[in-house]
Each structure stands twice: as C-alpha cells, then as structure tokens.
Amino acid sequence: MDLARTLTEQALAEDVDPLALVDEQMVPAMDEMGRRFDCSEAFVPELLLAARAMKGAMEVVGPPLAEAGREPVGRAVVGTVQGDLHDIGKNLVGSMLEGAGFEVRDLGVNVPPEQFVAAVKKEPVHIVGLSALLTTTMMAMKATVQAIREADPGGEVKVMVGGAPITQKFADQIGADGYGVNAVEAVALAREVLAGGR
Ligand code: B1M
C-alpha cells in the first residue's frame with residue numbers, strides 16, 4: 001500500500017494525468033490480478049494485497065481527480081449492493097463523479113435496498129449509482145432498483161448501474177435508467193441524466 005502510494009505520488013509529481021494513471025495503469029493491473037485469480041496463479045490473499053495497493057493509490061489520485069470539478073452540478077448517492085464487498089470500482093465511479101462536479105454520498109459496500117431508499121428520502125438526490133461485481137449479487141441490484149422505484153413513483157431519482165458482470169441488457173431488464181461500462185461512461189451518463197436526456 002505504501003509503495004503504491006509513493007509510486008502514485010511520484011507519477012503525479014512528474015505530471016502524469018491522474019485519469020490516465022487510473023485507466024491505463026491501475027485498472028489494467030487489477031484486470032491482470034483477475035486473470036491470474038481465474039487461472040489459479042493468484043489467490044484471495046494476493047487479491048487483498050492488490051486491492052490494498054489500489055486503495056492506497058486511489059487515496060493519492062482521488063483529490064486531483066476531484067479537483068477538476070468545482071460547484072456541485074448535482075447530487076449522487078453511490079454504493080455496492082447487498083452481499084457484495086467489492087468497492088474499488090464503486091470508489092472510482094464516486095471519485096470521477098466528484099471530479100465532474102457532483103456532490104457524492106458514498107454508502108459503502110453490502111448496502112441493503114432499504115438503506116438506498118433511506119438515502120434518497122433523506123435529501124433530494126438526482127442519481128443513485130449501484131455497483132455489483134458478483135453474478136450472485138446481481139439480483140440484489142434488481143431488488144434495489146425495485147425498492148427505489150416504489151419509494152419514488154414519480155421517477156425523480158435516476159438509477160444507473162455498473163460492475164463487471166452487468167450489461168446493458170441486464171440494466172434494461174431490471175429497469176435501470178442507464179448502464180456504464182466504466183467510470184468514464186458513468187460520468188457521461190450522469191451528465192446526460194442531469195441534462196434531462198434520460
Ligand atoms: Co473478488 N471476485 N471476490 N475480490 N475480485 C471478482 C469480481 C471475480 C470476477 C474474480 C474472478 O473469479 N476472476 C469473481 C466474481 C465471479 C463471479 O461472480 N462470476 C470474484 C469472487 C468470486 C470473489 C469472492 C467470492 C472470492 C472468495 O471469497 N472465494 C469474494 C466475494 C466477497 C464478496 O463480495 N462478498 C471476493 C473477494 C474479493 C476481495 C475482497 C479479495 C477483493 C475486493 C477488495 C475490494 O474491493 N476492496 C477482490 C478483488 C480485488 C477482485 C478482482 C480481482 C478485481 C475487482 C476490482 O476491484 N477491479 C475481480 C476480478 C476482476 O474484476 N478482474 C474479482 C478493478 C475495478 C476498478 O474494476 O470493480 O470492475 P471494477 O469497476 C469498473 C467497472 O466494472 C465499472 O467501472 C469501474 C472502473 O472502470 N463499474 C461501474 C463498477 N461499478 C460501477 C457502477 C457504475 C458504472 C460503472 O454506475 C453506478
């Protein structure tokens with residue numbers, strides 16, 4: 001974690017673009033860990049180490065990513081759905097939304113549908129972003145979208161979804177307003193939603 005932090009600080013000091021650092025170095029490195037895990041070249045302890053390194057690097061790269069935005073352009077709530085503890089992608093989406101000027105409330109991981117509902121009832125929210133990394137938690141995403149729809153029959157709150165097993169088809173099936181394949185698309189989608197395009 002410390003080494004990842006130091007290397008990230010060095011890269012930023014050398015004027016490497018923070019978004020390029022995330023997209024071209026950090027995310028591919030995590031994909032490589034996934035590939036190794038898939039073919040039993042890496043195991044859960046190695047994944048945890050990689051995740052800690054990513055977290056350390058994100059702590060360094062997050063503020064410069066967020067600096068790109070200034071006045072809040074909208075309010076978003078993000079979280080990883082119930083049963084799912086993966087938070088790196090969700091954190092990235094949150095940081096990028098902040099970078100795009102959104103005020104972001106992060107509910108964390110393993111978030112039950114009722115907690116998302118409580119968050120949208122507590123204060124006006126434009127967008128709820130749901131993340132799921134496990135095929136087994138995709139149904140929790142569906143239940144969360146349903147719960148938000150029931151709590152907001154007028155459709156004021158837009159729901160966008162993402163995560164490795166999620167597809168546009170699945171997003172349509174569960175009635176989400178949008179799907180982002182990555183954090184950059186998630187931001188473009190959030191902007192579109194805010195502009196009334198969805
Ligand atoms: Co897990 N894990 N994991 N894991 N893990 C995967 C997801 C897996 C694909 C690995 C594999 O088998 N190849 C596999 C899932 C298989 C499946 O469901 N079909 C898996 C498994 C099986 C498990 C456990 C069950 C393992 C076990 O215990 N036996 C267990 C489950 C725990 C749980 O959640 N209940 C588990 C645990 C873990 C760790 C804790 C060790 C660790 C997570 C640490 C953490 O997040 N703090 C971990 C990790 C690191 C991974 C991999 C290697 C990397 C995930 C990651 O962070 N990627 C992953 C394999 C892989 O994905 N290559 C794997 C980097 C991140 C930037 O990408 O999250 O995809 P990602 O986010 C992307 C996009 O998906 C998108 O934008 C992001 C940026 O581009 N996106 C959104 C994400 N959310 C979005 C929301 C949006 C829009 C876009 O709108 C709101």
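Counting starts at 1 for both ligands and their atoms, following the listed order.
- Residue Leu92 has no nitrogen or oxygen atom sitting less than 3.5 Å from a nitrogen or oxygen atom of ligand 1, judged on distance alone.
- Counting only protein atoms, the N, O or S atoms lying less than 2.8 Å from atom 1 (Co) of ligand 1 are His86 NE2, ordered by chain and residue number.
- Atoms of ligand 1 lying under 4.0 Å from any heavy atom of Gly163, numbered from 1 in the order shown and given with element: 75 (O), 81 (N), 82 (C), 83 (C), 84 (N), 85 (C).
- The backbone N or O of Leu134 lies less than 3.5 Å from a partner atom in the side chain of Asp84, making a donor-acceptor pair.
- Taking a cutoff of 4.0 Å between a charged side-chain nitrogen and a carboxylate oxygen, Arg5 and Glu59 qualify as a salt bridge.
- Counting heavy atoms from C-beta outward, Val61 and Met26 have side chains that approach closer than 4.5 Å.
- The pair Asp106-Lys90 meets the salt-bridge criterion, since a charged nitrogen lies less than 4.0 angstrom from a carboxylate oxygen.
- Of the inter-residue distances, the one linking Phe170 atom CZ with Lys142 atom NZ reads 7.5 Å to the nearest 0.5 angstrom.
- Heavy-atom contacts of Gly83 reach the following atoms of ligand 1: 33 (C), 34 (O), 35 (N) (cutoff under 4.0 Å).
- Checking atom 74 (C) of ligand 1 against the protein gives a heavy-atom contact under 4.0 Å.
- Looking only at distances, no side-chain donor or acceptor of Glu192 sits under 3.5 Å from a matching main-chain atom of Ala188.
- In this structure, Val125 and Val120 approach most closely via the heavy-atom pair CG2-CA, 4.2 Å.
- Interatomic distance, Met58 CE to Leu92 CG, rounded to the nearest 0.5 Å: 4.5 Å.
- The shortest side-chain heavy-atom distance between Glu123 and Arg75 falls under the 4.5 Å cut-off.
- A distance of 5.0 Å separates NE2 of His86 from CG of Leu133, quoted to the nearest 0.5 Å.
- For atom 19 (N) of ligand 1, the nearest protein heavy atom (residue, atom name, distance) is Thr135 OG1, 3.4 Å.
- Residue-ligand proximity, Ser131 to ligand 1, at heavy-atom distances under 4.0 Å covers atoms 83 (C), 84 (N), 85 (C).
- Atom 50 (C) of ligand 1 has its closest protein heavy atom at Met30 CE, 3.5 Å.
- Side-chain contact between Asp177 and Met160 is absent, with no heavy atoms from C-beta onward closer than 4.5 Å.
- The backbone N or O of Phe43 sits less than 3.5 Å from a side-chain atom of Glu46, completing a donor-acceptor pair.
- The residue Val109 has no part lying near ligand 1, judged by heavy-atom distances below 4.0 Å.
- Here Thr136 has no heavy atoms under 4.0 Å from ligand 1, in either its backbone or its side chain.
- At a distance under 4.0 Å, no protein heavy atom can be found next to atom 8 (C) of ligand 1.
- Rounded to the nearest 0.5 angstrom, Glu156 CD and Ile148 CD1 are separated by 14.0 Å.
- Checked by distance only, ligand 1 and Asp87 come closer than 3.5 Å through their nitrogen or oxygen atoms.
- Checking only distances, Leu85 does come within under 3.5 Å of ligand 1, N or O to N or O.
- Using a 4.0 angstrom heavy-atom cutoff, Ala50 does not count as in contact with ligand 1.
- At least one heavy atom of Val93 sits closer than 4.0 Å to an atom of ligand 1.
- Side-chain contact between Leu12 and Val60 is present, with at least one heavy-atom pair separated by less than 4.5 Å.
- Annotation for ligand 1: atoms under 4.0 Å from non-hydrogen atoms of Asp84 are 34 (O).
- Taking a distance limit of 4.0 Å, we find that atom 52 (C) of ligand 1 is approached by no protein heavy atom.
- Val181 counts as a contact of ligand 1, since one of its heavy atoms falls under 4.0 Å from the ligand.
- Looking only at side-chain heavy atoms (C-beta outward), Leu85 and Thr80 stay at 4.5 Å or farther from each other.
- Not a single heavy atom of Pro165 sits under 4.0 Å from any atom of ligand 1.
- When distances from atom 60 (C) of ligand 1 to the protein are checked, a heavy atom turns up under 4.0 Å.
- Rounding to the nearest 0.5 Å gives a distance of 7.5 Å between CZ of Arg191 and CZ of Phe102.
- Here Glu9 pairs with nothing under the salt bridge (Lys or Arg N to Asp or Glu O under 4.0 Å) rule; sequence neighbours left out.
- Closer than 4.0 Å to atom 21 (C) of ligand 1 lies at least one heavy atom of the protein.
- Using a 4.5 Å heavy-atom threshold, the side chains of Gln115 and Gln82 count as separate.
- Close approach of ligand 1 to Leu130 is summarised as follows: ligand atoms under 4.0 Å from at least one heavy atom of the residue are 86 (C), 91 (C).
- Less than 4.0 angstrom separates atom 45 (C) of ligand 1 from at least one non-hydrogen atom of the protein.
- At the shortest separation from atom 88 (C) of ligand 1 among protein heavy atoms lies Gly180 O, 3.4 Å.
- Within the 3.5 Å criterion, the main-chain N or O of Gly175 finds a donor-acceptor partner in the side chain of Arg149.
- The nearest heavy-atom contact from the protein to atom 13 (N) of ligand 1 is Asp38 OD1, 2.8 Å.
- Proximity annotation for atom 85 (C) of ligand 1: of Gly79, Gly94, Ala29, Gly162, Gly162 comes nearest, heavy atoms only.
- When only interatomic distances are considered, the shortest N/O to N/O separation between Lys90 and ligand 1 does not fall below 3.5 Å.
- Near Ala186, the atoms of ligand 1 lying under 4.0 angstrom from a non-hydrogen atom of the residue are 88 (C).
- Between Leu97 and Ala186, the shortest heavy-atom contact is CD2-O, 4.5 Å.
- Protein heavy atom at the shortest distance from atom 78 (C) of ligand 1 is Gly89 CA, 3.9 Å.
- Counting the atoms of ligand 1 from 1 in the order shown, those under 4.0 Å from a heavy atom of Gly129 are 91 (C).
- Scanning all protein heavy atoms for the shortest distance to atom 39 (C) of ligand 1 gives Leu48 CD2, 4.3 Å.
- Heavy-atom contacts of Ala183 reach the following atoms of ligand 1: 77 (O), 79 (C), 80 (O) (cutoff under 4.0 Å).
- Nearest protein heavy-atom contact of atom 80 (O) of ligand 1 is Asn182 CB, 3.3 Å.
- Between Ile166 and Met141 the shortest side-chain heavy-atom distance falls below 4.5 Å.
- Here the CE atom belonging to Met54 is positioned 9.0 Å from the CG atom belonging to Asn91, to the nearest 0.5 angstrom.
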